[in-house]
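One structure, pasted below without further comment.
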Amino acid sequence: MNSISKPLLQWFDQYGRHSLPWQAPHSSPRGGQSKPANIYHVWLSEVMLQQTQVSTVIDYFNNFIQYFPTLKALANASEDAVLAQWAGLGYYARARNLHKTAEIITEQFQGNFPQEFEQVLNLPGIGRSTAGAILALSYNQHHAILDGNVKRVLARVHQVEGHYSQAVTLNKLWQLAEFHTPNNRTNHYTQAIMDLGATLCTRSRPDCERCPISNLCAAYQNNTQASYPQSKPKKKKPTRSIAMLVFVKNNKIHLYKRPSKGIWGGLWSFVECEDTPNNIQKAQLTFDPQALITQHLPIFKHSFTHYHLLIHPIIISCHSTQAEFYPPDQLELGVPKPVEKIIAQIALAALAS
DNA sequence: AAGCCGGGGCG
DNA sequence: CGCCCAGGCTT
């Protein structure tokens, strides 16, 4: 069996992505880099890029390193300050683990990012693929990665049967990933196979005519590109309905910090309950017996990977509660996207009145 | 092995 | 509307 690494590396030198914000500047195509990669940047980008597309990450990455220029700065920040810059990116456990890892590295590794695979793998939020990517991209260590791009490329090259949510398929893909990863230029190869997946070997309409490894690709030879990777067995998504109670007092709104476990963990949100009159009344009275509903905003839908959420925002004015209230126009707290949406609507309504 | 965890973009 | 994205953690 032939490795795809040689033609892939050759293609990468000319057509790969060499100027992403987290890549070392002036990385020369062949033979090493004039400047070493900043492992803090590589680590941060790898975490941000988990289940998130490059185009989405770029702005968040640039903003994040403005606020937290170094690993030390990140470790010294509060979790809320980190979450505030992560808000909108999703999968908030990533941000909490990022912050925790910065603290661990500061305390246990004297502030230096570990260079041993097992140590990196043990850090929270870093699994097998991310650990391999960090060490390969930063130090040219010989490790395989297996992200969405690599899975798709290898599934096509080898016509791998089954979906990678099944352990058998995943193991096969890891074996193939390790087989193809070369001993030399592992850093460039790692970038190259991701670039190939992102720019040519795309999910729909792959550009096989420009692909440097089409002569090694079983799917191309058999014209079965559309059948790989095989699609995931689908399941129906349930729908839930909640009310978000926007308690207002002196032009400020009440928010509470959600528990780290569960949806929007660690972010700040409105009091919520099941969207029924009884539950709403109960929640309202519990918060403040004197509270009065002043407005119902239209119900809108927010979808997750595994369920749909119908959100019914209700504006409630109150007076006699001791709870914390915050000025909506200068929040320094991370809030979920739907909360941000509701706050924007309130601001508009206030402007109109 | 399966479920959970966001938000956006695309066909 | 369904699918997937530079996945990892929990159950």
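Note on naming: letters A, B, ... go to the chains in the order of the sequence lines (proteins, then strands), and numbering restarts at 1 for each one.
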dC10(B) and dA6(C): how far apart are their P atoms, nearest whole angstrom? 13 Å

Is the phosphate of dG7(B), meaning OP1 or OP2, less than 4.0 Å from a side-chain N or O of Trp264(A)? yes

Output the rounded distance in Å from CG (Asp59(A)) to P (dG8(B)). 13 Å

Starting at atom CH2 of Trp268(A), determine the distance to atom C1' of dG6(B), rounded to an integer number of angstrom.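 Roughly 20 Å, once rounded to whole Å.
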
Table please: side-chain donor-acceptor pairs of residues 56-77 of chain A below 3.5 Å, with sequence neighbours left out.
residue, atom, partner, partner atom, Å
Tyr60(A), OH, Ala87(A), O, 3.2
Asn62(A), ND2, Ile58(A), O, 3.4
Asn63(A), ND2, Gln85(A), OE1, 2.8
Thr70(A), OG1, Ala73(A), N, 3.0
Asn76(A), ND2, Lys72(A), O, 3.4

We want to know whether His180(A) and His158(A) form a side-chain donor-acceptor pair, criterion being a heavy-atom distance below 3.5 angstrom. yes

Roughly how far apart, to the nearest Å, are dC3(C) and dG3(B) at atom P? 15 Å

Integer-rounded Å distance: dG7(B) P and Phe304(A) CZ: 6 Å

Distance-only donor-acceptor check, side chains Gln50(A) and Thr130(A), under 3.5 Å: yes

For atom P, what is the distance between dG6(B) and dT11(C), given to the nearest Å? 15 Å

Name the residue closer to the 5' end of DNA chain B, choosing between Ser204(A) and Val335(A) according to the nucleotide with the nearest heavy atom.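 That would be Val335(A).
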
Between Tyr92(A) (OH) and dC5(B) (C1'), how many Å, whole number?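 For the pair Tyr92(A) OH and dC5(B) C1', the rounded distance is 11 Å.
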
Can you build the contact string for nucleotides 3-11 of chain C? Use B for base contact, S for sugar-phosphate-only contact, and - for no protein heavy atom under 4.0 Å. BSBBBSS-S

Could you check whether the rings of His18(A) and Phe12(A) sit parallel, tilted or perpendicular, using 30° and 60° as the cut-offs? tilted

Grab the CH2-P distance between Trp86(A) and dG7(B) for me, whole Å please.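 Going from Trp86(A) (CH2) to dG7(B) (P), I get 13 Å.
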
Asn149(A) and Arg152(A): side chain donor to acceptor below 3.5 Å: yes

Rounded to the nearest 0.5 Å, what separates atom CD1 in Ile314(A) from atom NE2 in His296(A)? 5.0 Å

Most 5' of Ala167(A) and Pro338(A) on DNA chain B, judged by nearest nucleotide: Ala167(A)

Lys337(A) has an atom NZ; how far is it from atom C1' of dG9(B), in whole Å?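 Rounded to whole Å, this separation is 14 Å.
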
Rounded to the nearest Å, what distance is computed from the CG atom of residue Leu89(A) to the P atom of nucleotide dG9(B)? 12 Å

Donor-acceptor list for residues 219-232 of chain A side chains, cut-off 3.5 Å, not counting sequence neighbours:
residue, atom, partner, partner atom, Å
Gln221(A), NE2, Ser214(A), O, 2.9
Gln221(A), NE2, Asn215(A), O, 3.4
Asn222(A), ND2, Ala218(A), O, 3.1
Thr224(A), OG1, Gln159(A), OE1, 2.5
Tyr228(A), OH, Glu161(A), OE2, 2.6
Gln230(A), OE1, Gly162(A), N, 2.8
Gln230(A), NE2, Glu161(A), OE1, 2.4

Quick one: label Lys341(A) by what it contacts on the DNA or RNA (base, sugar-phosphate, nothing), any heavy atom closer than 4.0 Å. nothing

Over all strands shown, is Ala93(A) touching base, sugar-phosphate only, or nothing at heavy-atom distances under 4.0 angstrom?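 Here Ala93(A) touches no strand at all.
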
Under 4.0 angstrom between His302(A) side-chain N/O and dG6(B) OP1 or OP2: no

